[in-house]
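Naming convention: chains lettered A, B, ... in sequence-line order (proteins, then strands); numbering from 1 in each chain.
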Amino acid sequence: MEGDGVLRIGELSKRTGVSPELLRAWERRYGLLQPLRSSGGLRLYSPADVERVGVMRGHLADGLAAAEAAALALRADVGAAPPPVALAPEAVRLELADALDRFDEPRAQALLDRVLAAVTVDTLLSEIVLPYLSELGDRWERGEASVAQEHFASSIIRGRLLGLARGWGQGLGPTAVLACLPGEQHDLGLIAFGLALRARGWRIVYLGADSPVETVEEISARHEPDLVVLSATSDDLVAPLLPELRALARRHRLALAGGAAANADLERAGVLALPDDPVAEADRVVALLQDAGGE
Amino acid sequence: MEGDGVLRIGELSKRTGVSPELLRAWERRYGLLQPLRSSGGLRLYSPADVERVGVMRGHLADGLAAAEAAALALRADVGAAPPPVALAPEAVRLELADALDRFDEPRAQALLDRVLAAVTVDTLLSEIVLPYLSELGDRWERGEASVAQEHFASSIIRGRLLGLARGWGQGLGPTAVLACLPGEQHDLGLIAFGLALRARGWRIVYLGADSPVETVEEISARHEPDLVVLSATSDDLVAPLLPELRALARRHRLALAGGAAANADLERAGVLALPDDPVAEADRVVALLQDAGGE
Amino acid sequence: MEGDGVLRIGELSKRTGVSPELLRAWERRYGLLQPLRSSGGLRLYSPADVERVGVMRGHLADGLAAAEAAALALRADVGAAPPPVALAPEAVRLELADALDRFDEPRAQALLDRVLAAVTVDTLLSEIVLPYLSELGDRWERGEASVAQEHFASSIIRGRLLGLARGWGQGLGPTAVLACLPGEQHDLGLIAFGLALRARGWRIVYLGADSPVETVEEISARHEPDLVVLSATSDDLVAPLLPELRALARRHRLALAGGAAANADLERAGVLALPDDPVAEADRVVALLQDAGGE
DNA sequence: ATAGGTTTTGTCAAGCTTTTGTACAT
DNA sequence: ATGTACAAAAGCTTGACAAAACCTAT
């Protein structure tokens, strides 16, 4: 036979019924074929290439356009084994962003349903929701997202996360009390942190946005939690409360999350700073308190 | 399951053999049918309505006068779906109050689960959740409930109601945009109102607490809702926004809910006041906009 | 997202018999399709879209107007039935049964999504999934359900429950090792039991159907669980293993769940019997081991 | 039942862009 | 062999229109 089946373009053309020009166009435009080259630069095709051109022609006959037909022909042998069932996080994030940008709640919800069926809460948070939120924040700062979009998106995501949170107060694990400082309305990060802790077996008592320190005090007194977490985006909310917070820190293991987490005064008073990604911080907290021993 | 409004009057006519004019007359005269309306004002009937018209025709064929026939047809399905309420609402309310007062999330959640299994959303709202919230407000004013309790309870109830709200943006009925005025953080009543409207076939676009008027404007421009509902507990939040709100009222049918609903200035500008219980007000809105027809 | 985007509008038109203009109008007016776009902006449709257009055309042929037909076609796969009238467990159970009987996975999944948004895992299990399963078993015994239906239904429910189970090995709470005895293929009850324990803060190590006792022994030796739960529907599976099970019971706190739970021999050896509803038994286990103290 | 006005929906057109097979010059 | 060009086919968006189906009110 033809050696081990090395074809030049004319022969490939004859066997497949596709003109050489077109074969080159398909190569250039869709990367359909990636022939070896002879020393003189001639294209050298393998029998697999004949096959692939055949698949391409089949899809064309089915009515598909060239670009799509080529994409499928390529996928046919690359992905033969691993059908990419896994949803690529970036793709999901983009689609989520698109749906929310257009104020299309049903689509956003359907998307989240699909994702949740495939993925842990941790992954949902750290790969999709949290990156999306920080991206949205950036776009908002650059003036590319409107207040309306930001508002709409967070209200839907809040609803969704609270749905996942149902029953997080139940169980036997260590307990955390979670609250936003007075004046702080951004609770999404805190909810995410609660969910991450919950996934690690903790019990959550959640007070929500804009919680008076007195409230936190009262609830903590009753629950004797293993950790009290307060969240604030700006140090301005923390400063006027320093005395109360120090007092609280004397009675309970206290942590500060969000943008204002790194507060030297409080760290000196033994308050744990949780400035980063809620999921990562949840891991850190679990590790720390595990070492510290229970009770 | 079956509750959707899906047939227009022509199709209902074809399926029942009753002329559209007559169907409208029966609706006007005897209230035989109470179809949803499309945003343009078209009547939308459910499969149950086909059934009911059939019953009516049966009675007519038996020689009954139209008025009696209609009365019987109406009675027939009122009795058909008698959801037996096993749980005494007050008892549930008390138990809910007790669980939440003690910061016992698991018990509260379990209780709500049990209630939901036995009762419609309407009943849950008007017999349990709303009375509980107003009672809690009263106790709080009298100093008998702490901020902590109020905070904890609303955060759990919010999560629960938002869970029920899932999918409320989808469907066919008229659309309502719901938002709290800037500065307003109490969103529970508004969510309840949204759920009540939803149970009446409406589609909800929910913006949540503390929404800039600009946001409401933008979203309303996109969705062209049949009604925009703003919520505020205090008139102080309304006063500074009067010009914007008047402008909004010129472009959309506008309503004001919550404690600040009765604002003479705005009522003069054609803004609907919804000061009362969300479920009752939802009924009123449905009735009003039905009469008003579209636009 | 939508599987693959593969068809351009002309081809979709040919396959569905709907003109491209009309397809675009349906997209614009009702959001019926949400095709991907090529980099140049061409619409790319998936095979699922062909299906959806078919559903739409079916509704049109039934006499529905386009807006309503589209809404129904959308609802078919997005799910979220429109008015959340009530979540009466029997109603949900019936609808679930109906969807599964017809092998309509999307509807079943959508229904489960909706219920999960409104209700705790505990309630989902004890009010819906478990009753449904036992009902299915009965019907099967009476020859009213086919093997195919039984198979289809349990595979979907298993998938769903395992989805909820994701991450259940994580955490700090007491640990349970769960396994079906050799020969036992019914694992749904055991999974439900695991979920119920998980909701109570336990950590789960799940071995699944048809697990050799030796495997259980080995894993238990490694994890030192607070409880080992074996499941079997028939006593015939238990009898030949009595010696091994007694040995296992000497090394670990052991329980037997499922139809074969009440085995006098084993109870004498200190094996806990868990014959009932998984959720109730989970409660019992938690109460028992709590009293028993740590260790 | 009729009259007069509105909504809904399929279709079409104009003006412009993308895609793709083929052709030509280097 | 490569790179560029080109023109036909297929798409895209916007806007408009008219027939059919509905609405209210008299």
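- Rounded to a whole Å, the CZ atom of A:Arg57 is 14 Å from the C1' atom of D:dG21.
- B:Arg28 comes within contact range of no nucleotide atom at all, as no heavy-atom separation falls under 4.0 Å.
- Atom CD of B:Glu21 and atom P of E:dC22 are 10 Å apart (whole Å).
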Original post:
After noting the C-alpha distance and the side-chain angles of B:Ser220 and B:His252, does the key distance pass the side-chain hydrogen bond (donor to acceptor under 3.5 Å, both in side chains) rule?
Top reply: CA-CA 8 Å; B:Ser220 300; B:His252 306 278; 4.5 Å; no
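- Listed pair A:Trp26 / D:dT20 fails the phosphate criterion, with no side-chain N or O lying under 4.0 Å from OP1 or OP2.
- Phosphate proximity of D:dT19 to A:Tyr30: absent, as no side-chain N or O sits under 4.0 Å from OP1 or OP2.
- Formation of a donor-acceptor pair under 3.5 Å by the C:Arg52 side chain with backbone atoms of C:Ala70 is not found in this model.
- Along DNA chain E, the nucleotide nearest B:Arg43 and the nucleotide nearest C:Glu27 are compared for position; the residue whose nucleotide lies closer to the 5' end is C:Glu27.
- Side-chain N/O atoms of B:Ser38 include one lying less than 4.0 angstrom from OP1 or OP2 on D:dT8.
- We find that CD of C:Glu68 is positioned 14 Å from P of E:dA21, with the value rounded to whole Å.
- Residues satisfying the side-chain contact (heavy atoms from CB on, under 4.5 Å) criterion with C:Thr16, sequence neighbours excluded, are C:Leu12, C:Val18, C:Val50, C:Val53.
- Place B:Leu42 and A:Arg37 on DNA chain E by their nearest nucleotides, and A:Arg37 ends up nearer the 5' end.
- Between C:Ser39 and the phosphate of D:dT18, there is no side-chain N or O to OP1/OP2 separation shorter than 4.0 Å.
- Side-chain nitrogen and oxygen atoms of C:Arg24 include none within less than 4.0 Å of the OP1 or OP2 phosphate oxygen of E:dA10.
- Comparing D:dT9, E:dC22, D:dG21 by their closest approach to the side chain of B:Ile9 singles out E:dC22.
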**OP:** Give the C-alpha distance, both sets of side-chain angles, the deciding distance and a yes or no for side-chain contact (heavy atoms from CB on, under 4.5 Å) between A:Arg139 and A:Asp101.
**Re:** CA-CA 11 Å; A:Arg139 282 191 346 196; A:Asp101 282 355; 2.9 Å; yes
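- Distance, C:Leu12 CG to E:dC12 P: 11 Å, rounded to whole Å.
- Taking only side-chain nitrogens and oxygens, B:Arg8 comes nearer than 4.0 Å to OP1 or OP2 of D:dT9.
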